[in-house]
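Small disclaimer: the values here were computed from a predicted structure and weren't measured.
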Amino acid sequence: MKLGVPSGLQQMLFSFENIALQSLVNGYGTSAMGANKMDIVKNGLKASLKISTVISILVTVLFLLFSKDLISSFILTSAIKGAGDSMFALISSMISLWLVRIPCAYLFAELFGVNGIWMGIPSGWLIGGIITSIYYKKGSWKSKCVVSFDHVSLDAN
């Protein structure tokens with residue numbers, strides 16, 4: 001219960017966050033969703049393919065150059081959860097999703113229209129990564145370890 005409930009709540013937060021973002025997108029009506037307008041859908045598909053290709057190339061280059069830094073917050077969160085501090089992942093998710101990502105998506109949507117929604121999403125990743133890095137370096141998660149390996153012998157004999 002101590003590990004599972006916070007982990008389950010964290011996953012629920014991701015689902016609710018997706019619903020909140022989809023509600024924001026839906027608020028822009030058919031211009032954002034393209035319902036029943038095949039010419040808009042076809043043009044949108046072509047534009048999306050071009051944009052996603054460019055973004056994929058840029059992300060691949062960034063990942064190749066900065067892969068260690070980009071992936072480290074996911075690894076750190078998993079290490080902290082694996083050590084037994086699943087409550088941290090829940091709190092970090094609440095902050096990065098509900099106090100940063102959703103408000104930024106709404107703010108940027110207000111400023112830049114529907115494209116602002118997509119600008120707000122990385123803000124949550126950035127703040128989540130910073131929070132996780134600080135917490136990991138602080139080291140207080142080590143005291144929450146649920147399994148002690150002191151009695152385990154690593155000797156093959």
Side-chain angles (χ1 to χ4, degrees), residues 1-28 32-33 48-157:
M1 293 298 285
K2 181 180 175 183
L3 297 176
V5 170
S7 292
L9 289 173
Q10 179 192 13
Q11 293 305 314
M12 265 183 20
L13 285 175
F14 283 116
S15 297
F16 289 141
E17 181 256 346
N18 284 329
I19 291 169
L21 283 177
Q22 188 63 49
S23 296
L24 178 60
V25 171
N26 291 346
Y28 283 87
M33 298 304 293
S48 296
L49 287 172
K50 289 176 185 176
I51 291 169
S52 63
T53 299
V54 170
I55 290 172
S56 295
I57 291 168
L58 290 174
V59 168
T60 300
V61 170
L62 287 173
F63 188 77
L64 290 172
L65 294 174
F66 304 106
S67 59
K68 181 181 175 189
D69 299 322
L70 292 172
I71 201 71
S72 66
S73 69
F74 294 112
I75 293 170
L76 294 178
T77 300
S78 296
I80 292 167
K81 280 174 63 173
D85 193 359
S86 59
M87 188 58 76
F88 166 76
L90 173 62
I91 293 167
S92 175
S93 291
M94 287 172 50
I95 293 168
S96 65
L97 297 177
W98 292 98
L99 298 180
V100 178
R101 185 181 295 174
I102 296 294
C104 284
Y106 275 86
L107 174 66
F108 294 159
E110 194 68 32
L111 296 172
F112 305 109
V114 70
N115 291 328
I117 296 168
W118 319 123
M119 293 178 196
I121 291 173
S123 62
W125 296 331
L126 175 67
I127 298 302
I130 291 169
I131 290 169
T132 301
S133 295
I134 291 169
Y135 188 76
Y136 181 82
K137 288 180 181 178
K138 186 177 163 188
S140 59
W141 57 273
K142 293 175 185 176
S143 66
K144 310 230 172 123
C145 189
V146 293
V147 177
S148 173
F149 293 99
D150 293 337
H151 66 284
V152 177
S153 171
L154 297 178
D155 238 350
N157 297 326

* Side-chain contact test, heavy atoms from C-beta onward, threshold under 4.5 Å: evaluate it for Val61 versus Leu65 and give yes or no. => yes
* Answer yes or no: is there a side-chain heavy-atom contact under 4.5 Å between Ile80 and Thr77? => no
* Structure fact -> Taken to the nearest 0.5 Å, the spacing of Glu17 CD from Ile121 CD1 works out to 7.0 Å
* Between atom CG of Leu99 and atom OG of Ser123, what is the distance when rounded to the nearest 0.5 Å? -> 11.5 Å
* Asked: Does the side chain of Trp98 reach to within under 4.5 Å of the side chain of Phe16, using non-hydrogen atoms?
  -> yes
* Which distance, rounded to the nearest 0.5 Å, do you find between the CD of Gln10 and the OG of Ser86? -> 8.5 Å
* How about Met87 and Leu90: do any of their side-chain heavy atoms sit closer than 4.5 Å? -> yes
* Structure fact -> To the nearest 0.5 Å, atom OG1 of Thr132 lies from atom CH2 of Trp141 at 12.5 Å
* May I ask you to test the Phe14-Ser93 pair for a side-chain heavy-atom distance under 4.5 Å? => yes
* More than 12 heavy atoms of other groups within 6.0 Å of Met94 CE -> no
* **Closest approach of Leu97 to Pro103 (non-hydrogen atoms, all atoms of both residues)** => O-CD, 4.3 Å
* Asked: What distance do Ile95 atom CD1 and Leu13 atom CG have between them, rounded to the nearest 0.5 Å?
  -> 11.5 Å
* Check the pair Phe88 / Tyr135 against side-chain contact (heavy atoms from CB on, under 4.5 Å), numbers first and verdict last. => CA-CA 9 Å; Phe88 166 76; Tyr135 188 76; 3.4 Å; yes
* If we only count heavy atoms from C-beta on, is the Gln22 to Asn18 side-chain gap below 4.5 Å? -> no
* Which pair of heavy atoms, one from Ala20 and one from Ile102, lies closest together, and at what distance? -> CB-CD1, 3.8 Å
* Find out whether Lys81 and Ser7 are in side-chain contact, i.e. whether some heavy atom of one side chain is under 4.5 Å from a heavy atom of the other. => yes
* Would you mind reporting whether Val25 and Trp118 have side-chain heavy atoms less than 4.5 Å apart? => yes
* Mind checking the CG-NZ spacing from Leu76 to Lys137? Nearest 0.5 Å is all I need. => 8.5 Å
